[in-house]
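Protein chains get the first letters and strands the later ones, always in sequence-line order, with residue 1 at the start of each.
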Amino acid sequence: MNNIFDKIREQIISVTKEAFLACEKKGTLPKIELPDMAVEVPRERGFGDFSTNVAMQVSKQAKLPPRKTAEALYPEFNFEGTYIEKIEIAGPGFINFYLKRDWLYDALQLIQQKREKYGEVDVGKGVKVNVEFVSANPTGPLHMGNARGGALGDCIASVLKKAGYDVTREFYINDAGNQIERFGMSLEARYLQHFMGEDKVEFPEDGYHGEDIIEHVKSYIDQYGDILLSKTSEERQQALVDYALPINIQRIRETLSSYGIEYDVWFSEKSLHDSGAVKETIDFLKENGYTVEKDGAIWLNGEKLGLDKDEVLVRNNGVPTYMAADIAYHRNKFITRGFDWAIDLWGADHHGHVGRMKAAMKPFGIDSDKLHVVLFQLVRLYRNGEIARMSKRTGKAISLGDLLEEVGRDAARFIFNMKTSGSHLDFDLDLAVKQSNENPVFYVQYAHARICSILRKLAEEGVVPPSVDQVDLTLLKENEEIELMRKLAEYPEEITLSAKTLEPSRLTRYVMEVASSFHSFYNACRVRGEEEKLMMARLILVDSTRIVIKNVLELISISAPEKM
RNA sequence: GUGCCAGUAGCUCAGCCGGAUAGAGCAACGGACUUCUAAUCCGUGGGUCGGGUGUUCGAAUCAUCUCUGGCACGCCA
């Protein structure tokens, strides 16, 4: 058993079903087709530990008002062998379940038994999932969109792993196509400007204006001098790209690594062109009538795929588009490599591409539901209450590297994971570095450090957490203790929900709640100096809290300091 | 013009497959350190859930209209 909530849900559903059957037998209710029963934790403590609205859902079938339906069920409940202590009918027809405290003590046992594995569930059942994120153009440094996508994608991958999926983290390197061409033209222009003067060489209008381009050229010249002046433009660009691209990719890799992200696969777009996979993909579409030709270009047939318009796959100069490569790439994910599920993280500005990509999977017999695109809204940086603009082109952009230097990995990852992907994110740079209660990162880390301090003090006195079997957990009955245990018991459920919604932000909020419950406990109860049996029980509680906080922080790749 | 995302407390946001008196953090105000870390805790105030209409026993949640902000509609990615 991994999740106490599952067990309780099963018990509640089971006793409720039996109550319905008993009513049917007695004739107090007609035969009822039960819907999927929702068992939820009610908002208010006064409404019990769990509740269900099933009586209201079936009131039409029961031919009784919601409340009367619940009342008919009431006498037929049998709680034997369950955690349930009593039930109440409340409000318009809710059935509220009050549980014996055993479930909380069992939760502590589970935590102590599973330790760092506590929270693992198996909703994924080993399904092979590919999570592709960041996938930035290697033409310059990573920006804030990449930063958010990185934190989100990495956490989604971690959550899915915890939830029992077989996860591959992947970075798609856009090392082919138009962007690279512009990269080469920009490098060439800077190179020529260096020798011939800035006014003599025109910089391409849609080139990359960043300082990093100039730096690449400078260090190239330091090593190789003017040898490219005598070459053709094509050779020159090629040489400069061959020089600068690997450097950029390496930097991206290093920045992401210091951001706490390690990929399983770095997938090159160029390799799809070189291997002929792109051509094969286009040929397949052509042969099966999914393309049309017009104006000398090959288009994806939008009408046939249910899209509003056609999409260019091969330009009239014979060069395939990004779209063509992307179709080949996803075909590779599903067919060549056999992933059951692919999750792509894209900035919201790419949302127009979602429908097209999904539709383009159909000709290959791939269920478009297997591709799930998570769109995240873009980021606005604030400093001194003003927007700090970011643009890859100005050269003054704040890169992910700059951000990590300024606020650190913990704050960056925490803040990027506080909000749901769909909401716009305002990142307050001043707040992120503030070492105060305004900064939520410290709040959670502080809870962890406080616990470690208790454990350290006790260890110095020769007291270490005992085996949970040797402790009388029923001594834990203060409100603050109950609340804390309740929070800890929720963790596997939080993992399940985060995986289902692909919203790891709920874990960030969850760990703040755990910290909050702990701090309240800390102020109300003592561990050290209490009578030994109580001290041991609280030691288990505190240690379990430490385990949960550490597990969550580790999952979102944030440090859990033992001292602060 | 069409489409996507967002609009909930002063600020930043949860809640959104319909359910009980709409929540949290920060900010504001008032309290708590001779005791395991006060980077903490306890308490108080704060809302026409952008607006209208509809569906329903019941709407922040669904439908529809409308307003505001962001984004996308390219032989860019």
Side-chain angles (χ1 to χ4, degrees), chain A residues 36 38 40 42-44 46-47 51 53 56-57 59-60 65-67 90-94 96 135-137 139 174 177-179 182 206 269 294-299 308-323 325-326 346-355 375-378 380 382 415 418-428 431 434-447 449-458 461 480 503 505-506 509 512-513 515-516 518-530 535 538-539 542 563-564:
Chain A
D36 278 344
E40 276 164 2
R43 187 166 40 80
E44 303 227 4
F47 298 144
S51 86
N53 65 347
M56 289 138 82
Q57 288 181 306
S59 72
K60 265 212 178 94
R67 176 123 195 160
F94 288 98
N96 294 336
S135 298
N137 282 320
T139 50
N174 301 121
N178 225 309
Q179 309 283 344
R182 274 163 43 197
D206 55 355
E269 177 186 354
K294 63 185 171 192
D295 309 327
I298 299 170
W299 304 64
D308 344 342
K309 50 182 186 151
D310 299 340
E311 209 62 37
V312 176
L313 292 177
V314 184
R315 303 183 183 92
N316 63 9
N317 62 7
V319 179
T321 59
Y322 163 89
M323 178 78 190
D326 219 12
W346 297 350
D349 52 341
H350 289 65
H351 69 80
H353 193 52
V354 178
L375 294 172
F376 55 91
Q377 295 296 321
L378 301 179
R380 268 189 310 204
Y382 280 83
I415 291 168
M418 285 204 327
K419 280 153 205 177
T420 54
S421 50
S423 68
H424 298 265
L425 192 150
D426 293 331
F427 193 114
D428 186 336
L431 177 62
K434 224 180 251 181
Q435 307 221 344
S436 79
N437 60 341
E438 290 169 69
N439 190 338
V441 190
F442 289 95
Y443 184 80
V444 175
Q445 290 181 323
Y446 183 53
R450 253 184 163 177
I451 294 170
C452 289
S453 173
I454 297 173
L455 297 176
R456 203 164 41 234
K457 276 250 157 64
L458 285 169
E461 295 161 10
E480 288 81 2
E503 282 292 357
S505 60
R506 68 176 301 134
R509 288 190 296 274
M512 288 168 75
E513 288 170 11
S516 171
F518 169 75
H519 285 310
S520 295
F521 160 82
Y522 183 91
N523 275 270
C525 307
R526 295 187 55 77
V527 182
R528 259 179 92 224
E530 292 289 349
M535 178 170 80
R538 285 186 175 162
L539 191 48
V542 166
K563 281 183 185 171
M564 281 175 81

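- A sub-4.0 Å separation between OP1 or OP2 of C76(B) and a side-chain N or O of N178(A) is present.
- For C26(B), the glycosidic angle deviates from 0 by more than 90°, giving an anti base.
- Nearest approach of K419(A) to D426(A), heavy atoms of both residues: NZ-O, 4.1 Å.
- Taking the C1' atom of each, G10(B) and A27(B) are spaced 8 Å apart, rounded to whole Å.
- The separation between D308(A) atom CG and G1(B) atom P is 18 Å, rounded to whole Å.
- Listed pair R456(A) / U37(B) fails the phosphate criterion, with no side-chain N or O lying under 4.0 Å from OP1 or OP2.
- Remark: P of A38(B) and CZ of F442(A) are 17 Å apart, rounded to the nearest angstrom.
- Comparing the C1' positions of G31(B) and G15(B) gives a spacing of 31 Å, expressed to the nearest Å.
- Nucleotides A9(B) and A24(B) have their C1' atoms positioned 11 Å apart, rounded to a whole Å.
- Atom-to-atom distance recorded for M418(A):CE and S423(A):OG is 10.0 Å, nearest 0.5 angstrom.
- For K563(A), the NZ atom is loosely surrounded, since the number of other residues' heavy atoms within 6.0 Å does not exceed 12.
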**Request:** Sugar-phosphate atoms are those with a prime plus P, OP1 and OP2; base atoms are the rest. Using that split, label each nucleotide of nucleotides 21-33 of chain B B, S or - for protein heavy atoms under 4.0 Å, 5' to 3'.
**Result:** S-S--SS------

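- One can place CG of N96(A) at 12 Å from P of A20(B), the figure rounded to the nearest angstrom.
- The distance from atom NZ of K457(A) to atom C1' of U37(B) is 8 Å, rounded to the nearest whole Å.
- Each of C525(A) and K60(A) was matched to the nucleotide of RNA chain B holding its nearest heavy atom; the match closer to the 5' end belongs to C525(A).
- S421(A) is linked by a side chain to side chain contact (heavy atoms under 4.5 Å, CB included) to L152(A), V374(A), F376(A), E503(A), counting only residues two or more places apart in sequence or in another chain.
- Only the C1' atoms considered, A6(B) is 14 Å distant from A60(B), to the nearest whole Å.
- For the P atom pair drawn from G3(B) and G46(B), the interatomic distance equals 42 Å after rounding to whole Å.
- As rounded to the nearest Å, C76(B) and C13(B) have P atoms that lie 36 Å from one another.
- Per the geometry, CD1 belonging to I451(A) stands 16 Å off P belonging to C36(B), to the nearest Å.
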**Fill in**
Given protein heavy atoms under 4.0 Å, the one-letter contact record of nucleotides 2-13 of chain B, with B base, S sugar-phosphate only and - none, is simply -BBBS-----SS

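- Across the interface with RNA chain B, nearest-nucleotide mapping of K563(A) and V312(A) shows K563(A) to be the residue nearer the 5′ end.
- Within the structure, a side-chain polar atom (N or O) of R315(A) is placed less than 4.0 Å from OP1 or OP2 of C76(B).
- One distance of note links CG of L539(A) with CG of L455(A); it measures 6.0 Å at 0.5 Å rounding.
- Between the OH atom of Y522(A) and the P atom of U35(B) there is a distance of 10 Å, given to the nearest Å.
- A449(A) comes within contact range of at least one nucleobase, with a heavy-atom separation under 4.0 Å.
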**Prompt:** Where do D428(A) and E438(A) land on the side chain to side chain contact (heavy atoms under 4.5 Å, CB included) test, with the steps shown first?
**Reply:** CA-CA 11 Å; D428(A) 186 336; E438(A) 290 169 69; over 6 Å; no

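- Taking side-chain N and O atoms only, Y446(A) has a distance below 4.0 Å to OP1 or OP2 of A39(B).
- Distances shown here put every side-chain N or O of S59(A) at or beyond 4.0 Å from the OP1 or OP2 atom of C57(B).
- Straight-line distance from the CZ atom of F518(A) to the C1' atom of A39(B): 13 Å, rounded to whole Å.
- Figure legend: R450(A) and F518(A) shown without cation-pi pairing, the cationic atom not lying both under 6.0 angstrom from the six-membered ring centre and within 45 degrees of its axis.
- Between W299(A) atom CH2 and C76(B) atom C1' there is a gap of 13 Å when expressed in whole angstrom units.
- Residue-nucleotide stacking is not present for F94(A) and G19(B), judged by a side-chain ring centre under 5.5 Å from the six-membered base ring centre and planes under 30° apart.
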